[in-house]
Amino acid sequence: MKILIPLKRVIDYNVRVRINPDGSGVVRDGVKMSINPFDEIALEEALRIKERGEATEIIVITIGTQENQQQLRTGLAMGADRAILIETSEELEPLTIARALKVLIDREDPQLVIMGKQAIDSDNNQTGQMLAGLWNRPQATFVSELTLSEGTATAVREVDAGLEVIKVKLPAVITSDLRLNEPRYVKLPEIMKAKKKPLDTIPFSELGMTPETQFSIVSIETPPKRPKGIMVENVSELAKALQDRGLI
Amino acid sequence: MMSNILIIAEHNGKELNSSTAKCVTCAKKIHPDSIDVVVLAADSHQIATEAAALEGVSKVIRVDHPVNEYPLAATLAPQIIELANKYTHILGPSTTFGRDLMPRVAALLGVGQLSDIMGVENAYRFKRPIYAGNVIVTVEAPSDRILIATIRSASFAASEQTGNAIIEKYSINVDLPKHTSFLDLRSDSGSSRPDLQTATKVVSGGRALGSKDNFDLIYELADVIGGAVGASRAAVDSGYVGNDLQVGQTGKIIAPDLYIALGISGAIQHLTGMKDSGTIVAINKDEDAPIFEIADFGLVEDLFTAIPDLIAALEK
C-alpha cells in the first residue's frame with residue numbers, strides 16, 4: 001500500500017508573524033520556514049503505519065519553488081521513501097492545490113492520503129476535504145486516532161461535540177489533528193541518508209491544468225490590540241471589580 | 001445585484017446548534033434578497049421549527065432522509081449540490097461540522113471557499129483571520145460565481161428568535177456514497193452546565209491544575225457563577241478533561257462576556273480561541289505569563305488558594 005503525504009512549507013510556528021511596512025503581505029525575508037506542523041503529524045502517522053507493516057511506500061509531495069526541497073528533505077530524513085516537488089512560483093489557492101494533488105493521485109494510485117487538517121499560515125482548513133470531493137472518495141478530518149484493517153480505516157475525529165468515530169473504505173483522505181501523534185526528531189545520520197533518496201521535480205505546467213485564482217487580497221492588517229488591563233492585588237479586589245462591572 | 005443565500009443548518013439530530021443563528025446574522029449583513037436555511041436530518045421537524053423562528057430567514061428547507069441521521073460530509077455534500085443552483089452564496093458555520101463539510105461542497109461545485117468570515121464589507125468582500133488571528137485580511141471574491149464560505153461564530157451574535165419563515169419539504173434524488181459510516185460519538189459534556197460554545201461566562205483551567213481531581217476546582221467555580229467549563233490544550237493533553245472542552249486555535253473559538261483563565265500561561269494558540277471575549281480575567285502564579293498581556297484583570301497568586309478564596313468571596 002502506498003501513502004501520499006502532501007506537505008506545505010510555512011513560516012515556522014515559533015516565529016512572531018509581522019506585516020510588511022507597505023502592507024503588501026507578511027515578512028518572509030530571513031524568517032525560518034518549516035513543514036506545516038499538522039503535515040508533520042500526518043507524515044509521522046504514515047511512518048508508523050509502514051513500521052507496522054501495513055504500508056510499503058511513503059511519498060512526500062509539495063507544491064512551490066525549489067526552496068521547498070528543504071521540507072521534502074526533512075520528510076525524507078524522517079523516513080519517507082521518495083519525494084515529489086511540483087514546481088511553481090505562483091501562490092496557489094486550496095482548490096488548485098487539491099486539483100494538482102488529484103493529478104498525482106491518478107499517477108501514483110495511493111490507498112491513503114494523509115495531510116494536516118489545516119496550514120498554520122492561511123488557516124483555510126480546506127485542501128483535504130476538497131481533494132476527497134474531487135476524488136469522490138471518503139474523508140476523515142481532524143483525526144486523533146487511526147486504525148487500518150482490510151481495506152478500511154477507522155478514525156477517531158475531534159469534533160466540537162467530543163470524539164466521533166467513523167469507518168471509511170480505502171482509498172481515502174485523512175486529515176490529522178494535533179493529538180494523532182508526536183512526530184519524531186530527525187537524527188543526523190538520517191539527514192545524510194535522505195540526501196540519496198529520490199526527489200523528482202515536476203513543473204506545474206506538466207500537470208495539464210491551469211492554476212485558477214479566485215480570491216484577491218484587498219488589504220492586510222494587524223488586529224486591534226486590547227486596551228491594557230490592570231493587575232489586582234488580591235481575590236477580594238478581583239471579586240469587587242467583577243461585581244462592579246455587573247459580570248457576576 | 002440579487003443575492004440569495006443558503007445556510008446549512010448545524011444540529012445534533014434534535015436541536016438546532018446556535019452556530020446557525022450566527023450564520024443568519026452574518027447573512028443579514030450581506031443585505032440579500034432572501035435567506036434560506038436547509039436542514040438535513042433523519043427527522044428535521046423540531047430543528048426546522050427552530051430555524052424558521054430565526055429573524056431574517058425567508059424559508060426553511062427540510063431534507064429528511066435516514067442517511068442524514070449523522071452529519072457525514074461525504075453524504076451531505078451531494079445533497080447540498082442539488083440545491084445549489086438557486087443561490088449566490090452558501091454559508092456554513094466554521095465549526096468542525098462546517099469545516100468538514102463546506103470545502104467538499106465547494107470542490108464538487110468547482111469553486112473555492114472563503115474560510116472563517118469575521119466581518120462583512122459587502123456581498124463579495126469579507127474580513128478573515130490568518131496566522132492564528134495575528135493577521136486580518138480583507139478578501140474579495142468574484143461576483144460571477146457562487147460563493148461558498150464558513151462563518152466564524154465568535155464574530156457574530158445569534159439572530160433573534162422573532163421570525164416566522166415558511167417551511168418546505170424537499171426530497172433529494174441523487175445517488176449517495178456508501179463508503180463512509182458513523183460508528184460512535186463519545187462526549188464528555190452533556191452535563192447540566194451551560195454549553196461552552198454559547199455560554200456568556202466561561203471558566204477555563206490549564207496545566208497548572210496538576211491533575212484531573214484538582215480540575216474539580218474549575219467546575220466548582222463555574223457552577224458558582226453559572227458558567228461553562230473550558231480548558232487549555234495542555235490540560236486536555238494531560239487528560240484532565242476531554243477534547244470537547246478545549247479552547248484555542250484547534251479547539252473552540254469563543255467570545256463570552258466573561259472569560260476566567262486559571263493556570264493558563266497563554267500560548268498564542270490558546271489566545272486565538274478566546275481573545276475576543278468581553279472581559280478577560282487571568283490568575284497565574286507566574287507574573288510573566290503571556291495571558292496577562294491580554295487580561296483586563298490579572299492576579300498573580302497560587303491557584304489553590306486563589307480559587308477557593310474567589311469561590312468564597314462570590315458566594316457571599
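Below, each value reflects all heavy atoms present in this structure, side chains not excepted, and no hydrogens, waters or symmetry copies. Chain identifiers are assigned alphabetically (A, B, ...) following the order of the sequence lines, protein sequences preceding nucleic acid strands; residue numbering begins at 1 within each chain. Quick caveat, the model's predicted, so the values are computed rather than measured.
- D22(A) CG: more than 12 foreign heavy atoms inside a 6.0 Å radius.
- Contact of I11(A) with chain B is made through the side chain alone, with heavy-atom distances under 4.5 Å.
- More than 12 heavy atoms of other shown residues, nucleotides or ligands fall within 6.0 angstrom of atom CD in Q243(A).
- Shown here is R145(B), whose CZ atom has more than 12 heavy atoms of other residues, nucleotides or ligands within 6.0 Å.
- Looking at E293(B) and K228(A), no side-chain N of the basic residue comes within less than 4.0 Å of a carboxylate O on the acidic one, giving no salt bridge.
- For chain A, the option among F97(B), Y70(B), F182(B), Y124(B) with the highest count of heavy-atom pairs below 4.5 Å is F182(B).
- Using a 4.5 Å cut-off between heavy atoms, T154(A) touches chain B through its side chain atoms alone.
- Looking at A306(B), the atoms closer than 4.5 Å to chain A (heavy atoms on both sides) sit in the backbone and in the side chain alike.
- When each of T127(A), V10(A), V165(A) is checked for heavy-atom pairs under 4.5 Å with chain B, V165(A) comes out on top.
- Residue T96(B) holds its OG1 atom at 10.0 Å from CG of D177(A), rounded to the nearest 0.5 Å.
- For the set E164(A), K169(A), R179(A), the entry with the most heavy-atom pairs within less than 4.5 Å of chain B is R179(A).
- Atoms OG1 and CZ, from T250(B) and F38(A) in turn, are 5.5 Å apart once rounded to the nearest 0.5 Å.
- If you check the side chains of Q126(A) and R104(B), you find no donor sitting under 3.5 Å from an acceptor.
- Residue contact with chain B, scored on non-hydrogen atoms closer than 4.5 Å, is absent for A98(A).
- Looking at every heavy atom in both residues, V159(A) comes nearest to N243(B) through O-ND2, 3.7 Å.
- Between R233(B) and E158(A) no salt bridge is recorded (no basic side-chain N to carboxylate O distance below 4.0 Å).
- Looking at E301(B), the atoms closer than 4.5 Å to chain A (heavy atoms on both sides) all sit in the side chain, from C-beta outward.
- Heavy atoms closer than 4.5 Å to chain A are found nowhere in E121(B), neither backbone nor side chain.
- Under a cut-off of 6.0 angstrom, the local environment of CD in E212(A) is crowded, with over 12 non-hydrogen atoms contributed by other residues, nucleotides or ligands.
- At a 4.5 Å heavy-atom cutoff, the contact between Q246(B) and chain A is made by side-chain atoms alone.
- Here D309(B) is the residue among D309(B), V224(B), V105(B) with the most heavy-atom pairs under 4.5 Å with chain A.
- Ranked by heavy-atom pairs shorter than 4.5 Å toward chain B, the options A153(A), A241(A), P223(A) are led by P223(A).
- Contact of L170(A) with chain B is not made at all, since no heavy-atom distance falls under 4.5 Å.
- Among the candidates I120(A), L178(A), L134(A), the residue making the largest number of heavy-atom pairs closer than 4.5 Å to chain B is L178(A).
- Ranked by non-hydrogen atom pairs under 4.5 Å with chain A, the options L101(B), V236(B), N12(B), T305(B) are led by V236(B).
- With a threshold of 4.5 angstrom between heavy atoms, L108(B) approaches chain A through side-chain atoms but not through N, CA, C or O.
- The parts of I230(A) that come within reach of chain B are both its backbone and its side chain, each placing non-hydrogen atoms under 4.5 angstrom from that chain.
- Each of Q129(A), Q139(A), K117(A) was compared with D100(B) under the side-chain hydrogen bond (donor to acceptor under 3.5 Å, both in side chains) criterion, and only Q139(A) meets it.
- Rounded to the nearest 0.5 Å, atoms CG (D160(A)) and OG1 (T95(B)) are 5.5 Å apart.
- More than 12 heavy atoms of other residues, nucleotides or ligands shown are found within 6.0 angstrom of CZ on F304(B).
- The distance from atom CG of N125(A) to atom OG of S115(B), rounded to the nearest 0.5 Å, is 6.5 Å.
- Of the listed residues (V111(B), L72(B), N17(B), T150(B)), the greatest number of heavy-atom pairs within a distance under 4.5 Å of chain A belongs to V111(B).
- Contacts between F215(A) and chain B at a heavy-atom distance below 4.5 Å involve backbone atoms as well as side-chain atoms.
- In this structure, CG in D184(B) is found 13.5 Å from NZ in K167(A), a value given to the nearest 0.5 Å.
- A salt bridge is defined here as a Lys NZ or Arg NE, NH1 or NH2 lying under 4.0 Å from an Asp or Glu carboxylate O, and D123(A) with R128(B) fails to meet this definition.
- Ranked by heavy-atom pairs shorter than 4.5 Å toward chain B, the options V168(A), N124(A), T222(A) are led by N124(A).
- Looking only at side-chain heavy atoms (C-beta outward), L163(A) and L185(B) stay at 4.5 Å or farther from each other.
- Atom CD of E91(A) has 12 or fewer heavy atoms from other residues, nucleotides or ligands within 6.0 Å.
- Proximity to chain B (any heavy atom under 4.5 Å) is restricted, for R99(A), to the side chain, taken from C-beta onward.
- The residue among G112(B), A132(B), G227(B) with the most heavy atom pairs within less than 4.5 Å of chain A is G112(B).
- Put simply, the side chain of L238(A) reaches to within 4.5 Å of the side chain of I283(B), judged on heavy atoms.
- Looking only at distances, a side-chain donor or acceptor of R226(A) sits under 3.5 Å from a matching main-chain atom of K275(B).
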Discussion item. Under the criterion side chain to side chain contact (heavy atoms under 4.5 Å, CB included), I'd like the reasoning laid out for V235(A) against L299(B): C-alpha separation, chi angles, the key distance, then a yes or no.
Written reply: CA-CA 8 Å; V235(A) 164; L299(B) 173 62; 3.8 Å; yes

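- The part of K178(B) that comes within reach of chain A is its backbone (N, CA, C, O), which places non-hydrogen atoms under 4.5 angstrom from that chain.
- For I307(B), no part sits under 4.5 Å from any heavy atom of chain A, backbone or side chain.
- With a 4.5 angstrom heavy-atom cutoff, E93(A) does not touch chain B via any of its atoms.
- For S219(A), the parts lying under 4.5 angstrom from a heavy atom of chain B are both the backbone and the side chain.
- When heavy atoms are compared at a cutoff of 4.5 Å, I225(B) approaches chain A solely by way of its side chain, counted from C-beta outward.
- Scanning for side chain to side chain donor-acceptor pair (under 3.5 Å) contacts around R152(B) gives S155(B), D276(B), with sequence neighbours left out.
- There is no contact between L109(B) and chain A, counting heavy-atom distances below 4.5 Å.
- In terms of heavy-atom pairs under 4.5 Å with chain A, the best-connected choice from A295(B), P142(B), G226(B), A312(B) is P142(B).
- There is a side-chain donor-acceptor pair under 3.5 Å between R245(A) and T279(B).
- I220(A) places none of its side-chain heavy atoms less than 4.5 Å from the side chain of T138(B).
- If you measure heavy-atom distances from V17(A) to chain B, the contacts under 4.5 Å come from the side chain alone.
- For the atom pair CD (E140(B)) and CD1 (I217(A)), the distance works out to 12.0 Å, reported to the nearest 0.5 Å.
- No part of P94(A) comes within reach of chain B, as not one of its non-hydrogen atoms sits under 4.5 angstrom from that chain.
- Using a 4.5 Å heavy-atom threshold, the side chains of V281(B) and L242(A) count as touching.
- Among the candidates S216(A), G229(A), A239(A), the residue making the largest number of heavy-atom pairs closer than 4.5 Å to chain B is S216(A).
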